[in-house]
Amino acid sequence: AAVPSIIQQYYPSYHGLCWYWNTFAPTLEQKPGYRYELRFSFVDYMAKFWLDGVPIGVHEGADDSFSLDVTHCLRFGEENLLAIRLLNPVDEPIDGIGLRQTANRNKRERGVHPGDAFNFGGILYRVELLARPLVRIGDVQILPDEQTGDVQVRCELVNESPGEALLQLCGQITGPGSYTMD
């Protein structure tokens, strides 16, 4: 099956185990101080991943994006083989997982009624290869206070390098207000 797609796009009545394989040559340049990750936006439901035969991760779920670190096994300037074993659960458990044991909202394998959803599975959005600096800003939260008009910004600062890192933040306020950093 192509990515992105659901299994049932190619095999309409099939649910259960399937495999995806894809070969790719990284178009990113290999640089020191970076981590390389494969980012998946939506994989439904249980998946195990290998890159050139090396296990790189497992993911269970459907609605959340996630990344797998491939820095240790990604080959630059060569073809890489990504293999994914995907389980689209059915009523009868496979590998100990049945549709009713999952957070499936209102999916049904068969006999769909009004308000139900069809049980689909697959890789629904694109897969990306990302280069992330070892020192970076992670999550950012912006928290406005409607009573005071103040806005609080919280940043996760990530240092995955082996040593210390220097971080310099700059800011500007163009009206009444103040800012603090801790």
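Starting from 1, each residue takes its place in the sequence as its number.
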Next on the checklist: One thing to verify: whether Asp95 and Arg85 come together as a salt bridge, which I'm taking to mean a side-chain N less than 4.0 angstrom from a carboxylate O.
Outcome noted: yes
Checklist entry - How far apart are the closest heavy atoms of Pro133 and Tyr34, and which atoms are they? => result N-CD2, 3.5 Å
Next on the checklist: The test is side-chain contact (heavy atoms from CB on, under 4.5 Å); show your working for Leu51 and Leu81 and say whether it passes.
Outcome noted: CA-CA 6 Å; Leu51 187 60; Leu81 174 63; 5.9 Å; no
Checklist entry - For Phe120 and Asn88, which heavy atoms make the closest approach, and how far apart are they? => result O-ND2, 3.2 Å
Checklist entry - At their closest point, which heavy atom of Arg75 faces which heavy atom of Asp52, and how far apart are they? => result NE-OD2, 3.0 Å
Next on the checklist: Taking the six-membered ring for Trp, are Trp50 and Trp21 closer than 6.0 Å centroid to centroid?
Outcome noted: no
Checklist entry - So, are Arg132 and Glu160 salt-bridged, with charged N and O less than 4.0 Å apart? => result no
Next on the checklist: Tell me if the CD atom of Glu79 is crowded by more than 12 foreign heavy atoms within 6.0 Å.
Outcome noted: yes
Next on the checklist: Could you check whether any side-chain heavy atom of Leu28 comes within less than 4.5 Å of a side-chain heavy atom of Leu129, counting everything from C-beta outward?
Outcome noted: yes
Next on the checklist: Tell me the closest heavy-atom pair linking Phe76 and Glu29, and the distance in Å.
Outcome noted: CE2-C, 4.2 Å
Next on the checklist: Taking the side chain as everything from C-beta on, heavy atoms only, tell me whether Val158 gets closer than 4.5 Å to Val135.
Outcome noted: no
Checklist outcome for this item: Of all heavy-atom pairs linking Ala47 and Ile84, the shortest is CB-CG2, 4.0 Å
Checklist entry - Any donor-acceptor pair under 3.5 Å linking the side chain of Asn159 with the backbone of Leu157? => result no
Next on the checklist: Could you check whether any side-chain N or O of Gln152 sits under 3.5 Å from a backbone N or O of Ile142, counting only pairs where one atom can act as donor and the other as acceptor?
Outcome noted: no
Item to check | Phe40/Tyr125 aromatic ring centres below 6.0 Å | outcome: no
